[in-house]
Trainee: 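Got a structure for you, questions after.
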Protein chains: 2
Amino acid sequence: MTYDEGKEALVQAWGTLGSQWGISRTMSQIHILLLTSPEPLTTEDVMEQLQISRGNANMNLRDLIGWGIIRKVLRAGERKEYFEAERDVWKVAMQVARERKRRELEPLLAVLDQVSTVEGEGPEIARMTEAVRDLKKFANNADRLLDTMIKAEENWFWGNFLKVLR
Amino acid sequence: MTYDEGKEALVQAWGTLGSQWGISRTMSQIHILLLTSPEPLTTEDVMEQLQISRGNANMNLRDLIGWGIIRKVLRAGERKEYFEAERDVWKVAMQVARERKRRELEPLLAVLDQVSTVEGEGPEIARMTEAVRDLKKFANNADRLLDTMIKAEENWFWGNFLKVLR
DNA sequence: TTAAATTTTCAAAACTTTTTGAAAATTTAA
DNA sequence: TTAAATTTTCAAAAAGTTTTGAAAATTTAA
């Protein structure tokens with residue numbers, strides 16, 4: 001396999017994986033492009049390498065910054081903005097976990113709290129209440145587990161335990 | 001909040017959450033409908049409650065069975081098929097993890113192995129090789145961590161540790 | 001068998017998401 | 001200032017995904 005074939009395969013595979021997890025194909029592809037680039041890239045570079053429009057490149061680069069997994073790099077004497085990816089895969093995973101928790105888990109918990117105020121009798125209500133209680137328990141545990149992992153770097157036990165995994 | 005409002009809110013919230021994770025809205029909605037139903041439901045019930053077509057209901061029920069998170073229930077003397085959801089939320093999560101691992105992590109690892117055979121010199125190849133090595137390390141760890149959790153029930157340490165989370 | 005009940009299939013339609021590209025806005029060098 | 005370079009916006013178009021609904025296939029009761 002040549003370098004170009006390898007790069008193409010990575011961009012494809014990462015784009016596919018992303019879209020299966022609700023991240024747009026292009027966003028994932030820009031991410032792996034930056035992750036495997038030895039130098040920061042400009043919007044133009046990204047447009048050219050992925051053959052996408054300026055608007056698309058710009059929008060997805062901004063979104064990636066919003067997720068906190070790439071950053072702008074300013075170069076002295078250069079007008080253009082360069083972008084580079086966070087290289088620590090563990091940090092990227094934790095950053096994504098943190099964002100998804102905030103954007104998804106927290107709204108879900110709010111709905112579950114709302115729904116648990118339903119009152120009344122009968123098997124329908126009993127079953128719904130039970131299901132909501134279980135989902136809340138699970139969501140709260142996931143929430144806490146994520147917090148623990150996110151804070152692992154500041155935490156001796158988990159910090160050392162998780163080092164094994166990195 | 002009334003029972004009907006609660007049910008509606010749950011169906012909406014679960015559908016939205018699912019679609020953010022690459023699971024179709026309808027599939028998630030059928031899942032929560034079965035999860036909160038005191039009795040198994042037929043295809044007709046699902047069609048009526050979610051106001052969807054027969055084809056749609058049938059296809060998504062089959063997919064949910066494929067994910068291993070709902071099952072057919074046959075009732076003596078009844079011709080129709082009934083469906084019920086797995087009630088243990090932890091089991092559902094592990095089942096989804098197992099399937100996603102098989103469907104996504106394993107293909108990704110295959111691509112990474114392929115790409116790591118790229119040879120040559122220069123900063124591009126060096127960076128790509130490095131990135132691929134890190135991704136492999138991460139994917140393998142995620143793979144093993146999932147295996148550990150999936151097997152938690154057969155494993156004393158994790159079994160006891162994880163009981164706290166359930 | 002036959003035929004009624006039920007489930008499955010799949011091409012076309014509806015809907016959703018992503019992308020384009022050109023115009024507007026912003027930034028900075030001179 | 002002015003104007004060139006660069007980034008951002010956004011309506012329309014393209015692409016992708018999901019849904020419909022009617023026909024075909026399958027199952028089972030009689």
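Per chain, numbering begins at 1; letters A, B, ... match sequence-line order.
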Trainee: Look only at the side chain of B:D143 and the backbone of B:A139, and say whether a donor-acceptor pair between them is shorter than 3.5 Å.
Mentor: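 Answer holds: no.
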Trainee: Quick check on contacts: within residues 32-43 of chain A, what sits under 4.0 Å from DNA chain D by heavy-atom distance?
Mentor: none
Trainee: Would you say that A:L34 contacts A:L61 through its side chain, given a criterion of any heavy-atom pair below 4.5 Å between the two side chains?
Mentor: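 SC-SC contact between A:L34 and A:L61 confirmed.
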Trainee: Could you tell me whether B:R87 and A:D134 have a side-chain N and a carboxylate O separated by less than 4.0 Å?
Mentor: no
Trainee: Using a 6.0 Å cut-off, check whether atom CD of A:E5 has over 12 heavy atoms from anything other than its own residue.
Mentor: yes
Trainee: Is the closest side-chain heavy-atom distance between A:K137 and B:V89 below 4.5 Å?
Mentor: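 They are not in contact (no side-chain heavy atoms under 4.5 Å apart), so the answer is no.
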Trainee: Within a strict 4.5 Å, meaning less than it, do heavy atoms of the A:T129 and A:V118 side chains meet?
Mentor: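 With C-beta onward as the side chain, the pair stays apart.
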Trainee: For C:dT8, take OP1 and OP2 only and decide whether either is under 4.0 Å from a side-chain N or O of B:N58.
Mentor: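 Checking B:N58 against C:dT8: at least one side-chain N or O falls below 4.0 Å of OP1 or OP2.
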Trainee: Can you tell me the distance, in whole Å, between the CG atom of A:L64 and the P atom of C:dT18?
Mentor: 13 Å
Trainee: Is there side-chain contact between A:N60 and A:Q29, with heavy atoms separated by less than 4.5 Å?
Mentor: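 No, their side chains stay 4.5 Å or more apart.
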Trainee: What is the distance, to the nearest angstrom, from the NZ atom on B:K80 to the C1' atom on C:dT8?
Mentor: 17 Å
Trainee: Using a 3.5 Å limit on both pairing distances, list the dot-bracket string of DNA chain C from the 5' end; Watson-Crick and G-U wobble pairs count, crossing pairs take [ ], interstrand pairs take |.
Mentor: ||||||||||||||||||||||||||||||
Trainee: Provide a list of protein-nucleic acid N or O atom pairs under 3.5 angstrom, restricted to nucleotides 11-14 of chain C.
Mentor:
none

Trainee: Listing request: all salt bridge (charged side-chain N to carboxylate O under 4.0 Å, His left out) pairs with a residue in residues 27-53 of chain B, at least two apart in sequence or in separate chains.
Mentor: B:E39-B:R75, B:E44-B:R54
Trainee: Using salt bridge (charged side-chain N to carboxylate O under 4.0 Å, His left out) as the criterion, list what pairs up with A:R103, not counting sequence neighbours.
Mentor: A:E99
Trainee: Same cluster for A:F138 and B:V96 if Ile/Leu/Val/Met/Phe/Trp/Tyr side chains link at under 4.5 Å?
Mentor: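 Yes, A:F138 connects to B:V96 through the hydrophobic network.
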Trainee: Do B:D113 and B:K136 have side chains that get closer than 4.5 Å, going by heavy atoms?
Mentor: yes
Trainee: Between protein and nucleotides 15-30 of chain D, map the contacts as a letter string: B base, S sugar-phosphate only, - none, heavy atoms under 4.0 Å, written 5' to 3'.
Mentor: ---SSBB-----BB--
Trainee: Would you say B:T43 and B:F83 make side-chain contact, with heavy atoms under 4.5 Å?
Mentor: yes
